[in-house]
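Everything numeric here is computed off the predicted structure, so don't read it as measured data. Atoms within a ligand are numbered from 1 in the order they appear, just like the ligands themselves.
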Amino acid sequence: MSDKYDVIVLGAGPAGYVAAIRCAQLGLKTACVEQWVNKQGNPALGGTCLNVGCIPSKALLESSHVYAEAAHGLEQHGIELSGVKADIAKMIANKDKIVQELTGGIEHLFKANKVTWIKGTGTLLPERLVTVNNGDGQPVNYTADNVILATGSKSIEIGAVPLQGDVVVDSTGALDWESVPAKLCVIGAGVIGLELGSVWRRLGAEVVVLEAQDVFLPMVDQQIAKDSLRQFTRQGLDIKLGARVTSSQVDASGVTLQYTDQSGEQQLQVDRVIVAVGRRPNIDQLTTPETDLLIDERGLVHVNGACETNLPGVWAIGDLVRGPMLAHKGSEEGVVVAERIAGKHSHLNYEAIPSVIYTHPEISWVGQTEEQLKEAGREYKSGVFPFAASGRAKAQRDTGGMVKVLADKHTDKLLGMHIVGGHSSELIGHGVTVMEFEGTSEDIARTVFAHPTLSEAIHEAALAADQRALHIPNRKR
Ligand code: FAD
Ligand code: AMP
């Protein structure tokens, strides 16, 4: 005899826990299976995002930014501080406290919404039977009318640089160092590599980033990417493009890395290494061959536009399926699936999902890049406004970067917004809302923005798309 639910969710990351809460809100008898054990040895909800991803990385980015400002950034405001010191152990403890508060919060939300947390590793069997193993006795079986798979993703490991103790680590290890390495190598100049490289650079490490591709941030509008590369380089991040790491050796003096670049074989000696070469879907104990769940060659669970798998009543969301590996994308898929199970016709607009790299400056974007528009042969117009011309950015002494607006040449529909600059993670919401409403650059140009704010740069970029910016000279038609 097995317990029966309306919905069982496998995984309680931002995709799974949100799906479970929304199912319960809609009156469905819901359970969520989660196996996570945190570094204090306690079972925890929240997945990668809350435990070792979005939240702890942002906590350390914030602490290290405050430290760097106090140590080097306040003189221009007429503030002199001496003896500024970073207590790394306290920084890590503060980060851990934030994580515990938030993961504990999800547990409260589960209780309040009557979601049952089944602790252990769940595996999907035929006929929506879920077997859960908690390493403590016999596996327990449950059945459900609907199963939502949300087991997320894991760091990719590479044979050339195997993880080793706290010397060669993945992103999780790099969130727990209690001392600053004198010389650090980050392998991979993706979102996670740049964020963690920035944390340790600000705290005093010499940082070299080795990136196999020749193009910096290929998914980002290249005007924005090039500007950000200049700013990162000025901060002392030594980003080497076209540099593929091929092997490594660890000894008492640190790590020796071999890599190839345009000039041939190179060698680099560092104290510690962060391997940040991407993430892969977590399908390790997800199912069995006889269940016949369709999984593609990249390990992603195959789904249609509504997150339905090939099996009736089995859905999949979040990092486990196609699309950007972002917490908010997974959460919104969770809401859509819960509502579809409850008979509603919800959908998610994949064209208007914002992406952010939380470095300083932050890089934020939504919609298409100029390169994508060119490739698609779409006729477009573009408007750019630099923060150097923004009164608020000047007052903050933070004038790096720009806003770029891309709109259809004929209909003026907003096709993309790309920002590199301080606080751009908050600014990009303007672009997302306009895209959701299928608005135009003229809609932004006619909107009143408060003065003086950073958001005025969005207004001016929209005006610039029509050659009528007020605070910079306009390009000739
Ligand atoms: P996950 O969060 O990975 O959760 C999956 C859960 O399923 C885990 O808790 C796992 O224990 C559980 N699980 C797996 N298999 C089983 C099983 N068989 N049975 C039971 N439970 C199982 N994204 C952003 O949007 N913004 C950011 O700022 C950001 N920063 C990041 C920083 C870092 C360092 C990292 C590593 C990632 C970051 N991400 C960020 C990505 C983000 O964390 C993921 O996109 C997000 O967590 C995906 O959510 P998910 O629910 O699909 O999976
Ligand atoms: P992301 O997938 O955005 O996290 O980025 C990971 C980055 O790591 C990609 O840009 C890859 O090109 C890069 N990468 C993967 N393997 C290697 C390697 N062996 N050496 C250097 N860079 C790598």
**Message:** Please check: side-chain N/O of Gln40 versus main-chain N/O of Asn42, any donor-acceptor pairing under 3.5 Å?
**Reply:**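 Flag not set: sc Gln40 to bb Asn42 has no pair under 3.5 Å.
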
**Asked** Has the side chain of Thr48 got a donor or acceptor atom that lies under 3.5 Å from a matching backbone atom of Gly53?
**Response**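 Checking the backbone N and O of Gly53 against the side chain of Thr48, no donor-acceptor pair under 3.5 Å is found.
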
Can you tell me the protein heavy atom closest to [atom] and the distance?
| atom | answer |
| --- | --- |
| atom 25 (O) of ligand 1 | Ala327 N, 2.8 Å |
| atom 28 (O) of ligand 1 | Lys58 NZ, 2.7 Å |
| atom 9 (O) of ligand 1 | Glu34 OE1, 2.7 Å |
| atom 2 (O) of ligand 1 | Thr48 N, 3.0 Å |
| atom 33 (C) of ligand 1 | Gly53 CA, 3.4 Å |
| atom 38 (C) of ligand 1 | Cys54 N, 3.9 Å |
| atom 13 (N) of ligand 1 | Gln35 NE2, 3.5 Å |
| atom 41 (C) of ligand 1 | Met325 O, 3.8 Å |

[X] contact mode with ligand 1 (heavy-atom cut-off under 4.0 Å):
| X | answer |
| --- | --- |
| Tyr17 | neither |
| Leu175 | neither |
| Pro56 | neither |
| Asp319 | both |
| Ser57 | side chain |

**Item:** Backbone or side-chain N or O of Ala15 under 3.5 Å from ligand 1 N or O
**Value:**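 Right, the criterion is met.
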
**Message:** Which residue is it: Lys404, Lys374, Lys226? I am looking for the one with a salt bridge (charged side-chain N to carboxylate O under 4.0 Å, His left out) to Asp221.
**Reply:**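 Testing each of Lys404, Lys374, Lys226 against Asp221, the sole residue satisfying salt bridge (charged side-chain N to carboxylate O under 4.0 Å, His left out) is Lys404.
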
Verify whether one side chain among [X] and [Y] offers a donor that lies under 3.5 Å from an acceptor in the other.
| X | Y | value |
| --- | --- | --- |
| Thr121 | Gln285 | no |
| Glu332 | Tyr350 | no |
| Thr256 | Gln249 | no |

**Message:** Please enumerate all residues that pass side-chain contact (heavy atoms from CB on, under 4.5 Å) together with Val434, with sequence neighbours excluded.
**Reply:**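 For Val434, the residues satisfying side-chain contact (heavy atoms from CB on, under 4.5 Å) (neighbours in sequence not counted) are Leu414, Ile444.
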
**Request:** Just jot down the side-chain contact (heavy atoms from CB on, under 4.5 Å) partners of Glu426, sequence neighbours excluded, or say none.
**Result:**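 Listed in chain order: nothing, the list is empty.
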
**Message:** How long is the straight-line distance from CD1 of Ile156 back to NZ of Lys154, given to the nearest 0.5 Å?
**Reply:**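 Lys154 atom NZ to Ile156 atom CD1 measures 12.0 Å (nearest 0.5 Å).
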
**Request:** Please report the closest heavy-atom contact between Arg201 and Glu206, naming both atoms and the distance.
**Result:**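 Reported closest heavy-atom pair: NH1-CA, 4.0 Å.
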
**Prompt:** Does Arg340 make a cation-pi contact with Trp315 (under 6.0 Å, within 45 degrees of the axis)?
**Reply:**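 No, Arg340 does not sit over the ring of Trp315.
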
Contact between ligand 1 and [X] is defined here as a heavy atom of the residue under 4.0 Å from a ligand atom; is it met?
| X | value |
| --- | --- |
| Lys154 | no |
| Val52 | yes |
| Thr121 | yes |
| Ala150 | yes |

For ligand 2, list every N/O pair with the protein closer than 3.5 Å, one pair per line with the distance.
from, atom 1, to, atom 2, distance (Å)
ligand 2, 10 (O), Glu211, OE1, 2.8
ligand 2, 10 (O), Glu211, OE2, 3.0
ligand 2, 10 (O), Gln213, NE2, 3.1
ligand 2, 12 (O), Glu211, OE2, 2.6
ligand 2, 12 (O), Gln213, NE2, 3.4
ligand 2, 19 (N), Val245, O, 3.3
ligand 2, 20 (N), Val245, N, 3.0
ligand 2, 22 (N), Ala212, N, 3.1

**Prompt:** Between Phe216 and Phe232, how do the two ring planes meet: parallel, tilted or perpendicular, split at 30° and 60°?
**Reply:**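 Taking Phe232 first and then Phe216, their aromatic rings stand perpendicular (interplane angle over 60°).
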
**Over 12 non-hydrogen atoms of neighbours within 6.0 angstrom of CD in Glu127** =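 Atom CD in Glu127 is not crowded, with 12 or fewer foreign heavy atoms closer than 6.0 Å.
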
**Message:** Tell me whether the count of non-hydrogen atoms from other residues, nucleotides or ligands lying under 6.0 Å of CZ in Phe437 goes above 12.
**Reply:**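 Result for CZ/Phe437: open.
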
**Set of salt bridge (charged side-chain N to carboxylate O under 4.0 Å, His left out) partners for Asp271, sequence neighbours left out** =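 Residues passing salt bridge (charged side-chain N to carboxylate O under 4.0 Å, His left out) with Asp271: none at all.
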
**Asked** At a 4.0 Å threshold, what atoms of ligand 1 neighbour a non-hydrogen atom of Asn282?
**Response**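 In order of numbering, the contacting atoms are 14 (C), 15 (N).
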
